[in-house]
Structures are given as C-alpha cells and as structure tokens.
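Everything numeric in this text was worked out from a predicted model, so none of it was measured.
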Amino acid sequence: MDTVSLKSALISVSDKTGLEDLLAALAARGVALISTGGTFAFIRAAGYEVTDISDYTGSPEMMQGRVKTLHPKVHGGLLGRSGIDNTVMAEQAIAEIDLLVVNLYPFEAVTGAPGCTLETAIENIDIGGPAMIRSGAKNFDRVTVLTSPLAYGGLIQALDDNGGAVPRQYRYDCARKAFARIAHYDAVISNYLAAREAESDQYHPSLFPSVLSQQWVKVQDMRYGENPHQQAAYYREDPVQIGSLSDAVQIQGKDLSFNNLADADAALECVRAFSSPTCVIVKHANPCGVASGQDFFEAYDKAFATDPTSAFGGIIAINGSVDERLAQNIIDRQFVEVLVADAVTPAAAAILATKKNVRVLTVGGANAGQVGFDLKRVSGGLLVQTRDTLLYEPEHLQCVSQRQPTEQEQIDLLFAWKVAKNVKSNAIVYAKHEQTIGVGAGQMSRVYSAKIAGIKAADENLVVPGSVMASDAFFPFRDGIDAAAAAGITAVIQPGGSVRDEEVIQAADDAGMAMLFTGVRHFKH
C-alpha cells in the first residue's frame, strides 16, 4: 500500500511526553483509540474517548499487568494483512490496528539508578511492548509504529502532508527505527545480566560482560576515511554521552572529515585534563603545542609558540569560551581546521565566520565524555578496556631523587605529565612555565623521542635548559636521563618500575636533577 489512512490506534506508553499533541491530532481525524493501564487513564483524563485493552480483547489484565497485550486480538490486529487475512480476522472479530504507539518500560533509567536490585531490574523488563512493536513493524505494509515521543511531530506532519494518510516510505522508516529500538533495549538487558554472571553477583558497570552488546547510530556518511580511497561513516553511541564529541554542536564550517573528528577527539580529551585556562593544538592525533595561562589568549599564544609549523592546519581545543580577542588572534595567526571550545561568544562567532571553512564546535560539560569502555578493533575481534582516566594516586607520587623539585618544577612536572598521557608512545614532553617546549611522539625508542623533543625546541628557538621532562613509561636504562641532563633538563616525572630504577635514579642524582615516580604508566598506541 502506498498510503494508509489511520482508523484505529493502540497507545501504551510509560513516557507521556508530547502525548497530548498526538492525541489531539488523532482525535481531529476520528482515529479510534485503544489503550492500557496508566495510558488509558491519561487519555480519559485528557477528555478523549478510548477503549480499555481488556474491553477490546475480552480478557482481563492478569498477573499484576504482566499479561495484558499478549492476545490474538492485539497481535492479529497488528499482523493482519489486507487482502490476505481478512476472512480469518472477520471470523475471530479481530479489528485492524493501523497505528501502534509504544515506549518501553524504562529499564535503562531504573538500572542506572543507585541501589537498583535484580528484582527491580527484572520487573522493568518489558515483554508486551517489544512483542507488539515487532508485530507492527513486521507489518509496515499497513501499520505505522512509533517508539519515541520524538516521533510524534513527524507523524503529525506526515498526516498533514498526505491528507490524513501515512506514506509507505514513512511506515518503512518507522519500522527500521522500531527494530533498532528493540535491539538497543535487548542489548541493555543482555549487558546488565551478563555483567552479573551469576544471580548472587552485585552489578557493577565496569565489569566486562560475557557477551558485549552495543548499538551505534549513524550520524553521517563521510566523503572518505583516513585516505581518499577508503569509504567511511560516523556513528555515535546510543544514548549519546553528554559532553562527548558526539554531543558537540557545529556552529559553522565545512563538514567534518574522518581525520577532523579523530583529531578533535584527541584535542578535547587532552584539554579536559586541565582546570586552568588551557589550549591544546593537535596535529595527526598528537598534541604539538599545549599551554596554560592566566587567560585563554595567553594559553593559545604559548601553545602556538611550541610548534607553529605543525600547528598549521591543526585542531585547536580550549577548555572554556572563545572571546573576540582570541578568535581574532587565531585567524590572524594560522590556518585552523577545527576549533573546539565549551562556548563561543557572539562577537567571536562573527569574527570566525569570516573564515567560512573553519569548523567550529561547542561541547559543554568540561568533565564529561570519559565514561564507558575504550574499544580497539583488531582482526576478527575487539579489545575492550576501561578508559585511562587515572593520572596518579597521590600516595604513590614520590620523589625518588636526592633533590626535591622546586615549587615551579612541581607545577611543570604535573603539567607535562598530563600532556604526556595524551601523546602517542613512546612519549617525551619537555615543559617550562606550563608550556610545552618540545614534544617527541610515537618513536620506537624513548631516547629518540627525547631527541625529537629537543630538535623541535631548537627549531622554534625555545630554551630547553631549565625545562622539566615527562615520560609516559619508565626508562629502562640511564641513557635517557643522561641525555636529558645534557640538554639541560632539571627535573623528570615518570612511572618508575624498571628493574634498573636504581641506576636511573643514580643518573638523576649525578646530574642534580629532581625525579618523581607516579606509579602509573600511560601507553597510548
């Protein structure tokens, strides 16, 4: 059927948001309503005629509401095929149901609340709702299925545009969304139960379930992937994480590319490690300049100075609001692919709009976006881990050298440590006065990463002597410390844990360097 006029609707929703508008639209078109329990009471209270599900089926609700819609008159009314099942439907007094409006028991919300018991969780597993949704969606040739209040407006518009009828393509789209909703609902239940493994186990969301079920919603097809010969698409988690990159609002600029998104995420993750005004500039997934300052203008100025060459065409992230002065400084100084910030003032937005190709994203929630699993695809499988959100345990941070770091060195060491966590291994970061002086990333040898950090500093005429150094993992030999001392590094922060720690500490003492052990490693591959 191309279009189907709505004559009857079955409505059973736990979330009553927007229901009054939908009821008004259906009543205006003379659609007969059937409903259950609390929804029936809501519709009656709103002043609309409605048939109780028990009167429609001729069977009472049973088992405290557990059995109310699992009935041939309900599923026959949804599954009945026009021109095929008419005779049997007439014999069994089954009326066609043209519209099904169902949203499910709030299992996600209930189990996400503190103190939720297994008994409570089980009672919030919807049975009749998914069964009806499957029946209606399977028969999209005739039936329209809505599973979210967000869909009500679209149905009303479709009815307005088509003389009170529903087009086939709209019904098909609703069916796709309906099956996706059921898949997500079942995945949440599966993950919840699988994380317990046994009935007596307490549920904890950080446990790894025996079967991991996840659902991703496509945001857009992309022009290409990492390279032009690769096809790509962008998906977000469902539901979207508040404050994550997928929660960002693009206020101007071209479409985001595959690499734009990957680099923007790296920049956002790094900048959120800092509480003071900080700017991070990322190129090819690595921070090439990071700095904190009294304000964001100073932070950007210092971050850019670390490596202006790499900053060209980079991604800039700040952990605050872009104002007019900062926006003008950025576009006057460099070509930028993406600018990510918590907010952008109207005056700044007007300035950035003069560079129409610059992609500008706003992402609220400074400490959000770091929940759930970190996933890495491998051939034929998936590596799943908790996110690396630990910088160090305060009780494990210890000075192992004879000399204690000065107050400024201590500040710079912790600054450099936060940056190193976000640099690809092997990672070496030189820093001074909360500014990266040189960054060495992704080398097979930690010594070569240190050499690259020194080369970058020299190329930009930045003074290494007096800087501190951070390493994402321990030094297996003293040569890395000897090289740092020769370059003028005065203090080092590293995890420790090498079998040659005493040798490495001795190298620091020989050079009069201060050295902190964090007890935490930050490999980033």
Side-chain angles (χ1 to χ4, degrees), residues 15 17 103-104 106-109 111-112 146-151 153-154 173-192 205-206 209 212-226 230-272 282 285 315 317 319 337-344 359-377 382-389 422:
D15 181 357
T17 303
N103 52 61
L104 306 175
F107 185 87
E108 300 101 313
T111 55
L146 304 184
T147 61
S148 167
L150 296 177
D173 290 341
C174 287
R176 288 191 302 109
K177 294 174 183 176
F179 282 114
R181 172 61 183 135
I182 294 172
H184 177 260
Y185 193 73
D186 286 344
V188 172
I189 295 169
S190 173
N191 287 339
Y192 177 86
S206 68
L212 179 63
S213 302
Q214 288 198 311
Q215 192 172 50
W216 306 83
V217 178
K218 188 165 75 172
V219 177
Q220 66 183 86
D221 288 310
M222 317 203 81
R223 286 198 302 144
Y224 55 82
E226 280 185 292
Q230 293 174 270
Q231 294 180 317
Y234 175 34
Y235 289 79
R236 62 167 174 78
E237 288 181 286
D238 184 24
V240 66
Q241 291 182 24
I242 303 302
S244 68
L245 184 65
S246 292
D247 189 42
V249 176
Q250 183 172 354
I251 63 175
Q252 77 155 60
K254 299 185 296 184
D255 288 341
L256 290 156
S257 72
F258 186 99
N259 293 328
N260 287 157
L261 286 163
D263 287 345
D265 189 55
L268 188 62
E269 182 178 351
C270 184
V271 82
R272 282 182 167 165
V282 162
I315 277 70
N319 57 350
E337 287 276 5
V338 183
L339 174 60
V340 187
D342 288 354
V344 176
R359 304 159 177 92
V360 181
L361 307 178
T362 57
V363 189
N367 295 312
Q370 290 297 306
V371 298
F373 292 134
D374 178 34
L375 310 177
K376 294 183 186 294
R377 191 77 165 88
L382 192 68
L383 294 172
V384 181
Q385 63 180 352
T386 57
R387 294 185 179 274
D388 184 8
T389 58
N422 292 280

Kindly compute the distance separating [atom1] ([X]) from [atom2] ([Y]), expressed to the nearest 0.5 Å.
X: D265; Y: C270; atom1: CG; atom2: SG; value: 11.5 Å
X: E237; Y: W216; atom1: CD; atom2: CH2; value: 4.0 Å
X: E269; Y: T389; atom1: CD; atom2: OG1; value: 9.5 Å
X: N260; Y: D255; atom1: CG; atom2: CG; value: 10.0 Å
X: R181; Y: N103; atom1: CZ; atom2: CG; value: 8.0 Å
X: L256; Y: R223; atom1: CG; atom2: CZ; value: 11.5 Å

Considering all heavy atoms of both residues, which atom of [X] and which atom of [Y] are nearest to each other, and what is their separation?
X: L268; Y: G243; answer: CD2-O, 4.3 Å
X: T362; Y: A343; answer: CG2-CA, 4.0 Å
X: A267; Y: I315; answer: CB-CG2, 3.7 Å
X: V363; Y: S244; answer: CG1-O, 3.4 Å

[X] vs [Y] side-chain heavy atoms within contact, under 4.5 Å:
X: L361; Y: L245; value: yes
X: D263; Y: E337; value: no
X: V340; Y: V271; value: no
X: D186; Y: S213; value: no
X: L261; Y: M222; value: yes
X: E226; Y: N259; value: yes
X: V344; Y: I251; value: yes
X: L382; Y: R377; value: yes

Given the rule in the side chain to side chain contact (heavy atoms under 4.5 Å, CB included) test, do E108 and Y185 qualify, once you have shown the distances and angles that lead to the verdict? CA-CA 8 Å; E108 300 101 313; Y185 193 73; 4.0 Å; yes
Sole residue of Q250, K254, R359 in side chain to side chain contact (heavy atoms under 4.5 Å, CB included) with V338: R359
Donor-acceptor pair, side chain of Q215 and main chain of A180, under 3.5 angstrom: yes
Partners meeting ring-ring contact (aromatic ring centres under 6.0 Å, His included) with F179 (sequence neighbours left out): none
Which residues satisfy the side chain to side chain contact (heavy atoms under 4.5 Å, CB included) test with A262, sequence neighbours excluded? none
If you count the non-hydrogen atoms of other residues, nucleotides and ligands that lie under 6.0 Å from CZ in R176, is the total more than 12? yes
Is Q230 atom CD crowded by more than 12 heavy atoms from other residues, nucleotides or ligands, each under 6.0 Å away? yes
Taking atom types as modelled, is there a side-chain donor on Y234 or S246 under 3.5 Å from an acceptor on the other? yes
Side chains of D15 and T17, donor plus acceptor under 3.5 Å: yes
